[in-house]
Amino acid sequence: MPELPEVETVRRSLERLLVGQTIAGIEVGSFAGVLGAVDPALVSAALEGRTITRLRRRGKFLFVDLDDGAGLEIHLRMTGHLEVANRDAPPLRFEHLTIRFASGYDLRFADQRKFGRVIFHAGDPEVELKTRLGPEPLLPAFTSEYLAGVLARRTAPIKSLLLDQRIVAGIGNIYADEALFLARLHPGRPGGSISAPEVRSLHRAIRRVLRSAIQYRGTTFSSYRDGTGQSGENQHRLNVYGRGRREEPCTRCSRPLAFLVIGQRTSHYCPNCQRL
DNA sequence: ACACTGCCCTGCGAGC
DNA sequence: TGCTCGCAGGGCAGTG
């Protein structure tokens, strides 16, 4: 389940391989919806001859910048996967889009569940996403004061608010649970009930959890791999995610962890360390 | 403005 | 053994 650290790891793994590559053409598989509602022929015509100048990440989105100012917006959702492969290599399982380069290499996009998208934008893709995305949690604009401001007077559970990409970009179910555990906050706490010191603690926990996960190249829970097919290592460092259902012991107090459903998402937490 | 629900999609594991 | 069923969840549209 790619969240910010996984998308950042993919970006880093692909950057050197993709920048400077010139697109010779694209091939769309049986699932044309991978390109959104856009006509594949138009996308193909727009991409042909363009050279990739940069790979950027914003929240869980990956942007591929092209030399004419256009770009691709890529979202992996749950099971999306990007990989660079030799032209002659066999197709990936669930491969929906192949971008062929003049060099003889391909960028392949595969997605078992067809949730992921590769959207072409004639201009900067980030501009269209601006209103839908909050600040980058690892950049200076994401301050404790900002977080306190957007949580104030909110009645929704903090877990749901952390998953809202307009509040802060890039946090998904895994890192929301991990950050709340580090900050010792119950996932069901109303956003507005969180005190100033608690917000500071949460702010610190979010940054720590994300930084550490990037360092360990993301969490491979089921299918996640980086752009070279390599698994992450952060799954061995999780405190709560995936452990509550099995009532595994808390890494801090050794009491059994628990899980509950908040906003239709499972939340793993320690009932002893994270009290309402 | 905010809170919340349902939809998309399919491999996999649990249970019968 | 073989089947069915429900779960996993990010983003967005839609409702109240």
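The figures that follow rest on heavy atoms only: side chains count, while hydrogens, waters and symmetry mates do not. Just so it is clear: chains get the letters A, B, ... in the order the sequence lines come, proteins before strands, and each one is counted from 1.
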A/T266 side chain, from C-beta outward: closest of B/dA3, C/dG10, C/dA8: C/dA8

Counting only N and O atoms by type, is there a donor-acceptor contact under 3.5 Å from the side chain of A/R243 to the main-chain atoms of A/P249? yes

What nucleic acid atoms does A/Q165 come within less than 4.0 Å of, heavy atoms only: base, sugar-phosphate, or nothing? sugar-phosphate

Rounded distance (Å) that lies between atom P of C/dG10 and atom CZ of A/R57: 15 Å

To the nearest 0.5 Å, what is the distance between OG1 on A/T228 and CZ on A/R12? 14.0 Å

Measure from the side chain of A/M78, starting at C-beta and using heavy atoms only, and say which of B/dT5, C/dG10, C/dA8 lies closest. C/dG10

Hey, is the side chain of A/R77 poking within less than 4.0 Å of OP1 or OP2 on C/dG11, counting only N and O atoms? no

N/O (side chain, A/H75) to phosphate O (OP1/OP2, C/dG11) under 4.0 Å: yes

Atom CG of A/L151 and atom C1' of B/dC2 are separated, to the nearest Å, by 14 Å

Closest to the side chain of A/R132, out of B/dG6, C/dG10, C/dC12, is C/dC12

With a non-hydrogen cut-off below 4.0 angstrom, is A/Y241 in contact with a base, only sugar-phosphate, or nothing? sugar-phosphate

Which part of the nucleic acid does A/T155 contact within heavy-atom distance under 4.0 Å: base, sugar-phosphate only, or nothing? sugar-phosphate

Going by an N to O cut-off under 4.0 Å, is there a salt bridge joining A/E83 and A/R225? no

In whole angstrom, give the distance that lies between atom CG of A/D177 and atom P of C/dG10. 10 Å

Point-to-point distance, once rounded to the nearest 0.5 Å, from CD of A/Q274 to NE2 of A/H186: 7.5 Å

Mind checking if A/P157 touches a base, just sugar-phosphate, or nothing, with heavy atoms under 4.0 Å? sugar-phosphate

Report the distance from atom CD of A/E73 to atom C1' of C/dC12, rounded to the nearest whole Å. 13 Å

Can you tell me the distance, in whole Å, between the CD atom of A/Q264 and the P atom of C/dG11? 15 Å

Among C/dG10, B/dT5, C/dC7, the one nearest any side-chain atom of A/L163 is C/dG10

Does A/E3 come within less than 4.0 Å of A/K60, counting only side-chain N to carboxylate O? no

Could you go step by step and tell me if A/H75 and A/F115 meet the ring-ring contact (aromatic ring centres under 6.0 Å, His included) rule? CA-CA 9 Å; A/H75 202 300; A/F115 274 23; over 10 Å; no

Could you tell me if A/T251 and A/N239 have a donor-acceptor pair between their side chains, going purely by distance under 3.5 Å? yes

Can you tell me if CZ on A/F142 sees more than 12 non-hydrogen neighbours from other groups inside 6.0 Å? yes

Starting at atom CD1 of A/I262, determine the distance to atom P of C/dA8, rounded to an integer number of angstrom. 13 Å

Between CZ of A/R265 and P of C/dA8 the distance, given in whole Å, is 10 Å

Nearest-Å distance, CG (A/L161) to C1' (C/dG11)? 16 Å

Just by protein heavy atoms under 4.0 Å, how would nucleotides 9-16 of chain B read 5' to 3' in B, S and -? BBS-----

Checking contacts here: which listed nucleotide (B/dA3, C/dG11, B/dT5) is nearest the side-chain heavy atoms of A/F61? C/dG11

